[in-house]
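First comes the structure, then the notes that go with it.
Since the model is a prediction, treat every value here as computed from it, not as a measurement. Counting begins at 1 with the first residue of the sequence.
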Amino acid sequence: MQGLANGDDDESNTGQQDSNAGRNHASKVNGGGKDNDGEGDDDDEDDELGDDYGDDDDDDDDDDDDGEDSSGADDDEEDDDEPKLKYHRLAGTLSETLKTDAVSTMAVSDRFLALGTHWGIIHILDLNGNDVKRFESHSATVNEISIDTNGEYVASASDDGKVVVNSLYGPEQVQFKNRRPMKAVSLEPDYSRKTTRQVVSGGTGEELLMSGKGWFGSRDIVLHSGEGPIYTVKWRGNYIAWANDAGVKVYDVVSSQKFAYIDRPPSSPRADLYRCNLCWKSDDTLFIGWADSVKVGVIKERTKMDINSGLPNHYVEIVCQFRTDFIVSGVAPLNDDVVLLAYIVDLDEQRNVDVLSDGSSQSHQQQANPPEIHIFDFNGELIANDVLSLFGFEHYRANDYRLEYLPSPNPADNTFYIVSPKEIVVAKPRDLDDHIEWLMGRARYEEALRAAEGTKAGGVGGSYQGRLKVSDVVEIGIKYLGSLMAEAKYELAASTLSKILGQDAKLWEQWIYQFDDANKLDCVRPYIPTKDPELSQSVYEMVLGHYLKTDHEVFLQLIKEWPGHVYNVKTVITALTPYLRTDPDSKTLLTAAVDLFYNAKRFDQALIHGLRLGTHGILDLVRPYNLFPTLQSNIPLLMSYDLRFAESKDAENNHTWKSSMGDSVTLLVENTDRIPVQTVVAQLENQPRFLHVYLDALFRKGSQESLQYHPRQISLYATYDPPRLLDFLRSSSSYKLQEAFDLCEARDLVPEMVFLLGKMGDNRKALALVIERLGDVQRAIEFAKEQNDDDLWEDLIRYSMDKPPFIIGLLENLGSFLDPVKVIKRIPSNLKIPGLRASLIKIMSDYSIQVSLREGCQKILVSDTVALQETHFRSQRRGLSFSGMFDYRYCQAH
């Protein structure tokens, strides 16, 4: 809400008037949970500030004077609204100073505090509350104090009618005497550096005076008069603001003109009942708190057109205004908010009061409520409020309290002084430490950790100023972890470990054991670090031991994921061995054993377990680490590495075996010098299928060392690889034909029997087996061709005459071995032969082709012969040339 407040030379009210609509943004404040009758609300259980600080008789000398009391904010433990300020009492010698006197006003600088008392004394205190100097300049109550910008002079105004300026570092003192009580005073900015040494003051004489040095002593200039007493005045930069019965006025020192008038809202209590509070936030921003009204004005320049029309150079724009339901005893800025010192009272009653009661009738009145600090935004919305339980608050009125503001370049160091007659409370914005402490006090560890994490990288905690040590962040995180564990949020706790514990190995170990105690290793397992930090071996061994008992799959996963150096491999192998004995075929355990033995550099055991498991590439260990001796005693295990399917039920049921040159067989065949054939055969005696594969590999390689085992291989081929037996019989000559025939006959292996009979010379019996047992005319013809025996051809024709398929086969496949006419003439005349015509046509066609080929070949032969003869004739007719001496007698002799 914004408005304009302007003034002219006759100071008629041209500013914007507050109306009842001005309460639209007013915040209803019940004094920190207290009703208007002063009774505390049951829902607010605040930590009172200074319940044990003293009493009205000043006899409690053993009060806590260390100034470290916590805030007087009666914070409800269940309230989620965090205070904006933190509080402590000003200690030092202040309590001794005020035992026989009471504070009436106060001013602050960045080096000291200046207190004015009802006895007219000015006390100069250091920032810790120790009395370092005093001025007894007045004989009555000191109403207002002003400190020079450089902290060298202190001005005071008193009911004795005097305005006194005292030098802190010398005997210099300047007095301005008036006939009426003086209520307000303010020193010129940079007073100590200026030659004019001007002081502005006012009081019940209804004049605002500017006093300063002149040619012939001091001189007074009346800046304003005639509108009632001057209640307060504040000089900042080029502007002087003061308050009288009409409202607040602003004067421009440069142009020497009043340019703004900010009136009091309608229905406000009488102007003299409650002190007007002014506070400059900056050179152009003024905060006003008067009775139940709050306004914030910003000084702005007018346009040249307005100035040329006769208006002042500046005007005040009201950027914030709202009404409260309490009396404002002080006002100050807090960043973009407004801090108010609130005096809780029934405003409806106060608006009809003409004169405030004095202390003599106080006992007949209701006791006062403790003062409160309220923080509002510029929309008039309440942000926070704290109840201050000050000593003797029951007997104080609104004008007995003051709020002094000490700005700082660092907003976190802005300081607020809550002044009461008997004590002073110092308030500062809460920093990051306070924010985190508040969150942790309410077990809101996650929020505390989030706020603290920003400080690890040198950041700040959101809207709170300050930094935390890394150790503090860890401490917060550990408490957060503890709360998660207590709430059984194990997954969330585990996922937060790395962020909180960082590279602290000891903390990691402690928390892993806590998860183990809670039987929740499954939650923390994925987050256990193996480097940065690397934990002690016992932690990793504990986790591995747990999963070796409970979950072999996870055990194997950890063996795969974790480097072997983070735990004692021998210890883990020792723990694994009993489980391997119990379940020797467990692929999971065998896989883990291979990795463990390899990491332990026990390559022989790694090889053995890898062979049992069938680990791909395990044989790559043999040559680099010379593990042939290990293989010599484990031939069956080695053979099973390639031939595991030999034990499948299908192989058992079908009694078939397909030979394969696998890695293990290849290794044995290529290294017969290191693993002798006799050693392998001896170990495979009871495993004939493996023996067959091994001997077959030797046979394929053409190893001479396998010749002695050829007789046995006939039986092995017949059992495990019958299709290859015939090839073996044809390729080998290291066996006895009769024994081989008897074996084949016993197994009814007809093709092999035919081959052996032919090799033994019994061709007719062999041909009979082909015709009668196999019924394969093609094989019969091939057999006859191989033997190239006319009698055998005759037997074949004779056997085929009553078998039409054989006749057709003979006609189609005889080729040049037999004259087709000879076969056709012997075909019985009444025999029906399907396909005979096609066969005959084919024979004739083949015969025609053969004739054509012969004729063509003959022509080519004749042509080639003629060409060769002509070449020979020409070469014979060619003459010979001779050179040199030639003896013709030699020719005659020959």
Side-chain angles (χ1 to χ4, degrees), residues 43-47 70-71 73-87 383-384 386 429-530 532-533 535-536 538-540 542-543 546-547 550 554:
D43 292 337
D44 289 85
E45 299 176 1
D46 306 306
D47 298 330
S70 61
S71 167
D74 296 327
D75 294 330
D76 190 343
E77 292 181 358
E78 297 180 357
D79 191 357
D80 288 335
D81 294 331
E82 181 179 359
K84 293 290 185 180
L85 302 175
K86 58 181 178 181
Y87 305 83
I383 298 175
D386 300 325
R430 294 171 64 86
D431 58 17
L432 184 60
D433 286 325
D434 301 313
H435 174 56
I436 291 175
E437 182 180 359
W438 185 86
L439 291 172
M440 294 182 66
R442 285 152 181 78
R444 292 162 62 174
Y445 300 111
E446 183 177 7
E447 296 177 55
L449 179 62
R450 217 167 26 237
E453 280 175 349
T455 66
K456 279 189 176 182
V460 295
S463 60
Y464 294 90
Q465 301 294 321
R467 301 182 187 276
L468 289 180
K469 298 179 181 177
V470 175
S471 59
D472 296 334
V473 178
V474 173
E475 181 181 354
I476 295 168
I478 289 175
K479 290 184 178 181
Y480 175 47
L481 290 175
S483 68
L484 293 178
M485 296 288 282
E487 296 171 6
K489 297 180 179 179
Y490 301 108
E491 292 284 353
L492 181 57
S495 65
T496 313
L497 285 176
S498 59
K499 181 170 58 177
I500 295 173
L501 305 183
Q503 298 186 16
D504 193 322
K506 290 185 178 180
L507 287 178
W508 269 104
E509 294 171 9
Q510 293 174 9
W511 280 97
I512 291 172
Y513 280 117
Q514 288 196 34
F515 276 90
D516 182 43
D517 293 340
N519 197 26
K520 293 297 179 180
L521 277 180
D522 285 340
C523 298
V524 74
R525 171 180 52 80
Y527 305 100
I528 296 177
T530 56
D532 299 330
L535 312 181
S536 62
S538 58
V539 174
Y540 300 108
M542 179 272 293
V543 177
H546 170 80
Y547 286 108
T550 59
V554 176

Task: Derivation and outcome, side chain to side chain contact (heavy atoms under 4.5 Å, CB included), residues Val554 and His546 - done: CA-CA 10 Å; Val554 176; His546 170 80; over 6 Å; no
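- A distance of 9.5 Å separates CZ of Arg430 from OH of Tyr87, quoted to the nearest 0.5 Å.
- Nearest heavy atoms, Cys523 versus Ala494: O-CB, 3.3 Å.
- Between the Trp508 side chain and the Gly502 main chain, a donor and an acceptor come within less than 3.5 Å of each other.
- Remark: Ile512 CD1 to Leu535 CG distance equals 5.0 Å, nearest 0.5 Å.
- Partners of Glu447 by salt bridge (charged side-chain N to carboxylate O under 4.0 Å, His left out), not counting sequence neighbours, listed by chain and number: Arg444.
- Minimum interatomic distance between Met440 and Ile476 (heavy atoms only, all atoms of both residues): SD-CG1, 3.5 Å.
- In this view, Thr530 satisfies the side chain to side chain donor-acceptor pair (under 3.5 Å) rule with no residue, not counting sequence neighbours.
- Counting heavy atoms from C-beta outward, Thr496 and Leu449 have side chains that approach closer than 4.5 Å.
- The NZ atom of Lys499 sits 11.5 Å away from atom OH of Tyr527, with the distance rounded to the nearest 0.5 Å.
- Note that the CG atom of Asp532 and the OG atom of Ser498 stand 12.5 Å from one another [nearest 0.5 Å].
- For the atom pair CZ (Phe515) and CG (Leu497), the distance works out to 5.0 Å, reported to the nearest 0.5 Å.
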Task: Residues Glu82, Asp434; criterion side chain to side chain contact (heavy atoms under 4.5 Å, CB included); working and verdict - done: CA-CA 10 Å; Glu82 181 179 359; Asp434 301 313; 5.7 Å; no
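- With sequence neighbours excluded, the residues forming a ring pair (Phe, Tyr, Trp, His ring centres under 6.0 Å) with Tyr540 are Trp562, listed by chain and number.
- Lys506 is linked by a salt bridge (charged side-chain N to carboxylate O under 4.0 Å, His left out) to nothing, counting only residues two or more places apart in sequence or in another chain.
- When all heavy atoms are compared, the tightest approach of Ala384 to Lys84 is CB-CG, 3.8 Å.
- Residue pairs satisfying the side chain to side chain donor-acceptor pair (under 3.5 Å) criterion with at least one member in residues 510-522, sequence neighbours excluded, are listed as follows: Asp522-Tyr547.
- A donor-acceptor contact shorter than 3.5 Å links the side chain of Glu509 to the backbone of Ser536.
- Legend: residues meeting salt bridge (charged side-chain N to carboxylate O under 4.0 Å, His left out) with Glu446, ordered by chain and number and at least two apart, are Arg450.
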